[in-house]
Structure formats: structure tokens, C-alpha cells
Amino acid sequence: TTRFGDVMADSKIKRNVLVGLALIAGFFFGTVGEIAYESTVFQPFGWKEYAPPIILNCYGDDFSEQQLLRGIDYWAKRGFPIAFYEMNPPAQTCKEESLLGFIILRKAFRGQIDDQNLAETTRKTTGMRILSAEIVFQPGSQNLDLIIEHELGHAFGLGHIEKEGHIMHPLYNRMGSGFWVP
């Protein structure tokens, strides 16, 4: 016959082994899940490979062509091309809410975006594809260093990443010109 104490000792060993295995499995699946999450959240959407977007400057004359070209060049070097850009599109075109295949740059009207945000990008999507994007800038913020690069990143489908010096950092004072995929 077995003694009650022996049965209890065996039961504690089995329980400890099971708890240990559960912790290891949890760590493994958690790590895999985090990697999968980061890889999909950073760029959950993209433009069609064969149809890069067109950028329209509906912000107005206050938007520097030099800043826009710097932003376009930044992303083109990293594999995110545009078809072309237009600094002076027709006024009727700028009245459109969204245009398929276009990234539209606009000046925010009072109260349109939170006063603490320098700019805001919205995308219209279907499935995993971006159909159009709109970048709205607080008046005066459009010519700050790295703002157009950051917002174009959103328009290309990239999310925020909280790594100091990364172009997609959500805080302007911690943003930098660096770009790497998490």
C-alpha cells in the first residue's frame, strides 16, 4: 500500500512540473504573439505595388515644395515610391473628401484635430490595401523638420513605434530620422 504522504509528494511534483511547462509555453507563445503583432501593426496596410499614390498639396502656398520633396525622397529610398506630386492642384479637386489613389495634404481648420497634435493622417482602406489618405497639418506645423516624413509614413501604412530616434515615434521631441523595421 502507498502512504498518503507519498501520494501528496507525487502530486506536488506533478503540479510543479505542469506549472513550469505552462510558464515556458506561455513565454514562448507570448513572444511569438508579440513578434507577430509588431510585424502586422507596424505596417498593417499598404498601397498596391503596381499603383503608387499621387500626392496633392491642397494645403496651399504655405506648404514648402522643398519639405515635400525631402519627405518623398526619404520614403522613396526606403522602397515607398509615389507616382508624382502636384503642388497646385485645381481647387475643385481639393474640395473632394477623398480621392482613390491619392494622398491629400490639407491645412486643419480650427478644432479639426486635437491642439496637441501637429498633424494627423487618416487612411481609407479595403482589406489590407490603402485606397486613399489625407494628412491634415496644424497651421505652421507643415514645415517642421521630419513632420512630412512622419505623416507620409502613416499614409504609406506605417504605425507608430516607440523607439527613440525612429521616424515613426509618436512624440515629436523623440522622433529622429532613423528607420528600421521592428
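If you read the sequence from its start, that first residue is 1, and numbering goes on from there.
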Inset, instruction - Kindly check if the number of other-residue, nucleotide or ligand heavy atoms within 6.0 Å of CD (Glu164) is above 12? - result: yes
Inset, instruction - Please answer whether the main-chain N or O of Lys107 pairs with a side-chain N or O of Gln142 as donor and acceptor at a distance below 3.5 Å. - result: no
Inset, instruction - Quickly, which of Ile82, Ile103, Leu131 forms a side chain to side chain contact (heavy atoms under 4.5 Å, CB included) with Trp47? Name it, please. - result: Ile103
Inset, instruction - Could you please spell out the steps behind the side chain to side chain contact (heavy atoms under 4.5 Å, CB included) verdict for Tyr172 and Asp145? - result: CA-CA 10 Å; Tyr172 181 74; Asp145 286 342; 4.1 Å; yes
Inset, instruction - Ignoring hydrogens and angles, state whether a donor on the side chain of Glu149 or Tyr74 is under 3.5 Å from an acceptor on the partner side chain. - result: no
Legend entry - Side-chain touch Ser98/Ile104, heavy atoms, less than 4.5 angstrom: no
Inset, instruction - Hey, could you give me each pair passing ring-ring contact (aromatic ring centres under 6.0 Å, His included) that has a residue in residues 103-138? Not counting sequence neighbours. - result: Phe63-Phe137
Inset, instruction - Please write out which residues are connected to Leu18 in a hydrophobic cluster, directly or through intermediates, given that two of Ile, Leu, Val, Met, Phe, Trp, Tyr count as joined at side-chain heavy-atom separations below 4.5 angstrom. - result: none
Inset, instruction - Give the cluster check for Leu144 versus Ile55: same hydrophobic cluster or not, with ILVMFWY residues linked at side-chain heavy-atom distances below 4.5 Å. - result: yes
Inset, instruction - Could you tell me whether the side chain of His154 and the main chain of Glu120 form a donor-acceptor pair under 3.5 Å? - result: no
Legend entry - Phe80 side chain near Leu152 side chain, heavy-atom distance below 4.5 Å: no
Legend entry - Arg106 side chain vs Cys94 backbone, donor-acceptor pair below 3.5 Å: yes
Inset, instruction - Give a yes or no on whether the backbone of Ser64 and the side-chain of Asn143 come within a donor-acceptor separation of less than 3.5 Å. - result: yes
Legend entry - Sole candidate of His150, His169, His166 that passes ring-ring contact (aromatic ring centres under 6.0 Å, His included) when paired with His160: His150
